[in-house]
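It should be emphasised that the depicted structure is a prediction, and the values quoted were computed from it without experimental measurement. Naming: A, B, ... by sequence-line order, numbering from 1 per chain.
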Amino acid sequence: DAKTTQPTSMDCAEGRAANLPCNHSTISGNEYVYWYRQIHSQGPQYIIHGLKNNETNEMASLIITEDRKSSTLILPHATLRDTAVYYCIVRVAFRGSQGNLIFGKGTKLSVKP
Amino acid sequence: DGGITQSPKYLFRKEGQNVTLSCEQNLNHDAMYWYRQDPGQGLRLIYYSQIVNDFQKGDIAEGYSVSREKKESFPLTVTSAQKNPTAFYLCASSEDRGVGNQPQHFGDGTRLSIL
């Protein structure tokens, strides 16, 4: 699976959009981009995923560049409850162990009042 | 509500003891997974199951065992052979539509410590 690079930490003001970048320059054609977040002492929460088109759901938007070498997760109106570590994961669409989720260090997002 | 339930939230193991962690899901998902998370680190796959009565070893299966007798249940036993069991254990499940890109959804974990 391709390696991802994320900033270690970011701050965002409450009510503003949070834009979390992820670089995955070695991504291959059959690899999807997934975003999860983890609040301390809880299990990871799935946010969104995509292959090459931009995606939006009730939680966030995912913008993938045309060359697919980077992506941005957008939380449109950040709240204090969005404070968490956000993980960008790239993996092939295989089942079982071949589709294992490999979490890196992630970005610690702090939403401030 | 639909989701994944792990129990207990905290568990303590004595030396030489086997302990079993429970994972139940009511999402009607075919695939289930067990991960281990150590402090400040990512997740490592222990076992996974794509269908009832079948399961496969992950990257760190030694010292662990699982069963999948029912679609909704995937218990993990940490045996006495696991010499460093202190960790945060996470169970996940996903739909299996055959294309493999369905996201995994996680429970809230069980924190296991050694007495």
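- Taken from CZ in A:R91 to CD in B:Q104, the straight-line distance is 6.0 Å, to the nearest 0.5 Å.
- Looking at every heavy atom in both residues, B:Q37 comes nearest to A:Y87 through NE2-OH, 4.3 Å.
- Residues of residues 64-72 of chain B placed with any heavy atom under 4.5 Å of a heavy atom in chain A are absent; none qualify.
- Follow the hydrophobic side-chain contacts under 4.5 Å out from A:L20 and you reach A:L62 in the same cluster.
- Put simply, CG on B:L43 and OH on A:Y36 are 10.0 Å apart, with the number rounded to the nearest 0.5 Å.
- Within the structure, no pair that satisfies the side chain to side chain donor-acceptor pair (under 3.5 Å) test touches residues 6-18 of chain B, not counting sequence neighbours.
- Interface summary for chain B: among A:G106, A:G104, A:S41, the most heavy-atom pairs under 4.5 angstrom belong to A:S41.
- A distance of 7.5 Å separates OH of A:Y34 from CD of B:Q102, quoted to the nearest 0.5 Å.
- Counting heavy atoms of neighbouring residues, nucleotides and ligands inside a 6.0 Å radius, atom NZ of A:K105 does not exceed 12 of them.
- For a residue to count as touching a neighbouring chain, one of its non-hydrogen atoms must lie under 4.5 Å from one of that chain's; by this rule A:Q45 does not touch chain B.
- Shown here are the ring-ring contact (aromatic ring centres under 6.0 Å, His included) partners of B:H29, two or more places apart in sequence or in another chain: B:H105.
- Taken to the nearest 0.5 Å, the CZ atom of B:F106 stands 13.5 Å off from the CD atom of A:Q42.
- Applying a 4.5 Å heavy-atom cutoff, the residues of residues 107-115 of chain B that approach chain A are B:G107, B:D108, B:R111.
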